[in-house]
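Note sheet for the following structure.
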Amino acid sequence: MDSLSEYFQSYLTALETYDVVAALWVNIQLTFWAGLGSLVLGTVLALMRISPVPSFRWAGAAYVNIFRNTPLTIIMVFCILVAVFQLQLNLSSDFDFNFFLWAIIGLSVYHAAFVCEAIRSGVNTVPLGQAEAARAIGLSFLPAARLIVLPQAFRGAIAPLGNTLIALTKNTTVATVASVAEAAGLMKTMIEFRPDVIMAIFATFALGFVVIVIPIGLLTTWLSKKLAVAR
Amino acid sequence: MAAPTGAAARAASGQPLVQLKDVNKHFGALHVLRNINLEVTKGEVVVVIGPSGSGKSTLCRAINRLETIDDGDILIDGNMLPSEGKALARLRADVGMVFQSFNLFAHKSILENVTLGPIKVKGMKPAAAKELAMGLLKRVGVDNQAHKLPAQLSGGQQQRVAIARALAMKPKVMLFDEPTSALDPEMINEVLDTMVQLAKEGMTMIVVTHEMGFARKAADRVIFMADGQIVEQATPEEFFTNPKSPRAKDFLGKILNH
């Protein structure tokens with residue numbers, strides 16, 4: 001019993017030394033901005049993949065196949081080693097913020113491929129007749145996509161988009177290779193300096209991510225039911 | 001307006017509104033449209049009938065280029081049907097289309113279904129579009145359902161909304177691709193009545209249908225298609241009482257004797 005409370009005491013001192021919540025907050029910020037970035041880029045890619053122009057379709061498919069099949073770590077390392085160090089493409093004069101932005105870009109370009117495919121699966125839930133009716137009243141491709149097809153496709157794609165968002169949330173830990181001070185990096189530091197409470201440290205970060213991710217799953221399940229298109 | 005029914009009386013002069021010249025289309029090895037030549041004058045109501053697989057739906061869909069054609073020309077009001085892009089979209093706005101499966105925009109209300117085209121394609125003010133739409137919905141008898149979603153309406157009501165949606169674009173010609181084939185029997189008449197009313201008001205219509213009663217009542221001309229060809233065309237009176245081709249006799253024998 002004594003040893004248990006001792007263990008708990010040393011765990012508390014570890015939490016006092018290292019700010020776990022602040023580190024997880026960085027992951028949440030990465031998730032938010034990369035989620036937004038990949039949603040925008042993924043929507044554009046999905047539009048390209050369903051467009052009537054063959055070269056757009058080809059380019060969209062090429063993007064998806066390249067980025068979906070490349071490990072995220074490699075994309076992240078590429079962003080830092082090639083974009084920042086080799087090409088000196090600095091997005092901010094602030095050293096840390098520059099890496100933070102590049103981490104968002106790396107996460108966005110990678111997950112956009114998955115978002116694109118999720119939206120495309122949503123497009124498949126929209127009957128062909130909807131697009132035909134839109135064309136028949138004189139809408140050209142983009143307005144028909146914006147007004148008729150995509151609004152229904154997004155509703156059909158909420159569940160797979162939610163899965164992508166959950167994967168993205170956990171993949172933000174890869175930002176640690178871009179020297180972003182987020183949870184996985186902090187965990188590594190804590191394990192290094194406080195090996196006495198290693199199990200508790202693991203549990204803390206695992207629980208931290210579970211707490212962040214569960215609401216996303218609940219929200220997307222609820223939304224996909226609420227927003228389902230009645231046919 | 002009370003228009004006379006004879007096509008000749010209505011089509012006093014000028015070029016045909018819809019013109020197909022030597023139109024051919026293949027689906028792979030299947031030759032679905034064979035040298036189709038067809039002229040529809042303003043105000044004329046043409047009913048296209050024929051066995052399934054005869055190419056009548058494809059013909060209807062080719063007229064607003066939902067189906068491409070391999071060769072030949074299609075002209076709407078003297079203008080060649082453009083192949084893609086903005087010009088095609090503009091021309092499609094002049095050609096109303098009613099589908100077998102209604103195809104109302106599932107995520108938009110009945111009213112929005114009708115106002116969308118006028119607002120987004122013609123740039124009409126929302127208030128004016130709403131007024132136009134409510135008038136049209138009243139005309140087809142579903143104005144009291146304006147704020148519901150399509151899935152909340154019966155098939156017959158949905159199809160009448162689809163007719164109102166097409167009319168809202170003030171089309172020069174209306175295409176009907178088997179508009180009653182997906183309906184329960186008791187809802188067929190409410191849609192046909194709307195179409196008969198439209199024909200009486202002088203709308204140019206091309207109707208693919210199996211409803212012989214509608215053909216007798218409203219058509220100026222019946223076109224009989226089989227195997228991708230126009231086999232026979234005549235007034236409904238003449239076609240139904242005295243079909244000339246063996247294919248038409250055979251077809252009518254099968255559908256009228258029960």
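Note that the structure is predicted; figures quoted are calculated from it, not measured. Throughout, protein chains are lettered first and strands after them, A, B, ... in sequence-line order, and every chain is numbered starting at 1.
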* **Interchain contact, Phe105(B) with chain A, by part (heavy-atom threshold 4.5 Å)** =>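 The answer is both parts of Phe105(B).
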* Residue Ala106(B) versus chain A: region with a heavy atom under 4.5 Å ->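 It is both, since atoms from each part get that close.
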* Heavy-atom distance under 4.5 Å to chain B: side chain of Ala144(A), backbone, both or neither? ->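 No part of Ala144(A) comes within 4.5 Å of chain B.
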* Measuring heavy-atom distances to chain B, does Leu147(A) have an atom under 4.5 Å in its side chain, in its backbone, in both, or in neither? ->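 For Leu147(A), heavy atoms of backbone and side chain both lie under 4.5 Å from chain B.
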* Give every residue pair that meets the side-chain hydrogen bond (donor to acceptor under 3.5 Å, both in side chains) criterion with at least one member in residues 133-162 of chain A, sequence neighbours excluded. =>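 Sorted pair list: Gln130(A)-Gln152(A), Gln152(A)-Arg231(A), Gln152(A)-His107(B).
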* What orientation do Phe114(A) and His111(A) show, parallel under 30°, tilted 30 to 60°, or perpendicular over 60°? ->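 Plane angle between 30° and 60°, so tilted.
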* To do: Give the member of Ile148(A), Val229(A), Leu139(A) that has the highest number of heavy-atom pairs under 4.5 Å with chain B.
  =>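 Among the listed options, the one with the most contacts to chain B is Ile148(A).
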* Positive for side-chain contact (heavy atoms from CB on, under 4.5 Å) with Ile36(B), one of Met225(B), Lys25(B), Lys21(B) ->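 With Ile36(B) as partner, Met225(B), Lys25(B), Lys21(B) yield a single side-chain contact (heavy atoms from CB on, under 4.5 Å), made by Met225(B).
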* **Sidechain-backbone polar pair: Ser101(B) side chain, Asn103(B) backbone, donor-acceptor under 3.5 Å** =>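 Judged by distance alone, no pair lies under 3.5 Å.
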* Between the side chain of Glu201(B) and the main-chain N/O of Leu198(B), is any donor-acceptor distance below 3.5 Å? ->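 No, the answer is negative, given that no donor and acceptor are paired below the 3.5 Å cut-off.
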* State yes or no: are the ring centers of Phe209(A) and Phe205(A) separated by less than 6.0 Å? =>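 Phe209(A) vs Phe205(A): aromatic centres not under 6.0 Å.
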* To do: Name the option with the most non-hydrogen atom pairs under 4.5 Å to chain A; the candidates are Gln100(B), Arg65(B), Arg61(B), Lys122(B).
  =>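 Option with the greatest count: Arg61(B).
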* Top contributor to chain A contacts, counting heavy-atom pairs under 4.5 Å, from Ala151(B), Pro118(B), Ala89(B), Gly96(B) ->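 Of the options given, most contacts go to Ala89(B).
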* **CD/Gln88(A): more than 12 non-hydrogen atoms of other groups inside 6.0 Å** =>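 Count over threshold, so yes.
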* Asked: More than 12 non-hydrogen atoms from neighbouring residues, nucleotides or ligands closer than 6.0 Å to CD on Glu131(B), yes or no?
  ->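 No.
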* Close approach to chain A in residues 169-188 of chain B, criterion heavy atom under 4.5 Å ->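 Counting heavy atoms that sit under 4.5 Å from chain A, the residues of residues 169-188 of chain B involved are Met169(B).
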* Asked: If you measure from the Lys or Arg side-chain nitrogens to the Asp or Glu carboxylate oxygens, is any gap between Glu132(A) and Arg92(B) under 4.0 Å?
  ->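 Answer for the salt bridge query: no.
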